[in-house]
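Inspection log for the structure reproduced underneath, given as structure tokens.
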Amino acid sequence: MSKYKIAWLPGDGIGNEVMEAARLVLDSLGLDAEYIHGDIGWEFWKTEGDPLPKRTTDMMEKTDCALFGAITSKPQKEAKLELAPELQGKNLTYFSPIVRLRQEFDLYCNERPNLAFKGSNLNLKDDIDITVFRENTEGSYAGVEFGPTSRTLREHMLAEAPKMQRFMDMPDDDIAISTRIITRKGAERIIRSAFEHAKKFGKKSVTLVEKPNVLRKTGGLMVDVFDKVASEYPEIQSWFDNVDAIAMWLVKSPEKYDVLVAENLFGDIISDLAGQLVGGLGFAHSGNTGNDYAVFEPVHGSAPKYAGMYKVNPFAMLLATRMMLNFLGEKEMAAKLYKGIEKTITDAKVLTYDMGGAAKTLDVAHEVIKNFE
Ligand code: IPM
Ligand code: MN
């Protein structure tokens with residue numbers, strides 16, 4: 001029997017190609033694992049009306065963690081049109097499978113490292129090393145939304161929030177409401193993850209990204225919890241920045257930041273911004289971790305226009321693989337993989353088109369392997 005069971009979820013398009021690169025690397029490192037394929041993605045939405053069939057989550061329950069490639073997502077109307085004829089008109093709704101995985105497995109911590117690799121021509125500046133901790137299960141992504149919005153609902157809201165008055169005299173169809181739900185428990189566990197990370201890796205500071213001067217209730221709760229947790233880590237500097245202001249400062253002086261923590265939507269946005277400082281989609285990767293399970297993924301999508309061409313940069317996928325190895329406790333393998341990636345970048349001989357090279361996805365994986373030693 002293998003030491004680990006890993007759910008293997010390539011998904012759509014280039015997800016398959018970058019996962020092939022990950023597998024070459026894992027086999028070469030000699031990870032003692034059984035990889036179990038799981039169906040996920042657009043194909044299963046079209047043919048079964050569910051991009052994340054129950055058999056996949058049932059299988060995942062029996063594994064240590066999952067590695068995930070990429071999936072295609074389309075707006076609701078287009079998604080419905082692509083359903084198989086027998087599924088049309090059944091009132092099926094498309095939900096992003098990755099958002100569902102995060103909620104169903106309670107993977108509350110989305111950790112996104114953004115590290116400027118030495119010698120990468122895609123760095124905005126060198127000396128950038130920013131890790132974003134994004135809350136992954138609530139906030140604006142909790143899925144609590146209304147539209148059309150009934151009069152009854154609005155009357156309930158008006159009873160508690162006088163500012164609702166402006167929105168009372170309109171047809172149900174003309175108003176949509178998405179909520180941003182913050183809970184003390186949700187805020188506390190993500191903020192604590194950020195501080196624990198800072199402590200473990202000797203980082204100087206943790207910054208909360210919020211907007212409490214406008215979003216007084218939810219932002220206020222985040223700040224309140226942040227201050228309490230921060231007081232338990234006096235050796236780590238801590239402050240909060242408004243989300244709009246930090247978008248400018250991250251571009252201007254990224255070297256001033258170490259660890260950022262944010263609720264779901266702000267974390268989503270700010271982590272893409274941070275990702276672009278150090279190479280963008282070819283590098284951005286994340287780990288979705290809960291108390292008993294984790295899913296690792298590159299941030300990029302399925303890139304249908306490149307599918308089948310073996311053209312895209314596998315670094316994001318390989319960096320996600322490295323996070324998975326660290327999660328499994330395989331520190332030596334993780335370090336070896338990191339070294340392989342680092343040397344491939346500094347040598348600059350075998351790189352994909354986004355880094356000015358002409359190499360194919362799997363050539364880069366082979367070069368990384370060559371550079372292990
Ligand atoms: C990410 C992605 C997802 C998100 C999409 C695919 C729903 O952009 O992991 O950041 O917004 O969370
Ligand atoms: Mn995103």
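In what follows, residues are counted from 1 in the order of the sequence shown. Every number for a ligand or one of its atoms is a count from 1 in the order of the listing.
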Of all the N, O or S atoms in D268, the one nearest to the Mn ion (ligand 2) is OD1
Q.
Are any of the N/O atoms on R134, whether in the backbone or the side chain, positioned under 3.5 angstrom from an N/O atom of ligand 1?
A.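 R134 vs ligand 1: N/O contact under 3.5 Å present.
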* Asked: Less than 3.5 Å between some nitrogen or oxygen of D272 and one of ligand 1, yes or no?
  ->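 No: no nitrogen or oxygen of D272 is under 3.5 Å from one in ligand 1.
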With a 6.0 Å cut-off on the ring centroids, do Y338 and F372 count as close? no
_Can you confirm whether or not the ring centre of Y94 sits under 6.0 Å from the ring centre of W42?_
yes
Non-hydrogen atom of S96 closer than 4.0 Å to ligand 1:
yes
Practice task
May I ask whether H300 places a heavy atom under 4.0 Å from ligand 1?
Solution key: no
Looking only at protein heavy atoms, what sits closest to atom 2 (C) of ligand 1 is D268 OD1, 4.4 Å
Starting from atom 5 (C) of ligand 1, locate the nearest protein heavy atom and write down its residue, its atom name and how far away it is, to 0.1 Å.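 I find the closest protein heavy atom is I98 CG2, 4.5 Å.
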Open item on the list: Can you tell me how the ring of F195 sits relative to the ring of Y233, calling it parallel under 30°, perpendicular over 60° and tilted otherwise?
Closed with: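 Ring orientation, 0 to 90° scale: parallel.
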I'd like to know whether NZ of K331 has more than 12 heavy-atom contacts from other residues, nucleotides or ligands below 6.0 angstrom. yes
query = Is the CD atom of E332 crowded by more than 12 outside heavy atoms at less than 6.0 Å?
reply =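 Counting other residues, nucleotides and ligands, CD of E332 stays at 12 neighbours or fewer.
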With heavy-atom distances below 4.0 Å as the criterion, list the atoms of ligand 1 near [X].
{"X": "R102", "value": "1 (C), 4 (C), 9 (O), 12 (O)"}
{"X": "R112", "value": "10 (O)"}
{"X": "V99", "value": "7 (C)"}

Step by step, work out the side chain to side chain contact (heavy atoms under 4.5 Å, CB included) result for L92 and D50. CA-CA 8 Å; L92 294 166; D50 188 355; over 6 Å; no
Check: Is there a donor-acceptor pair closer than 3.5 Å between any side-chain N or O of N136 and the backbone N or O of L107?
Finding: yes
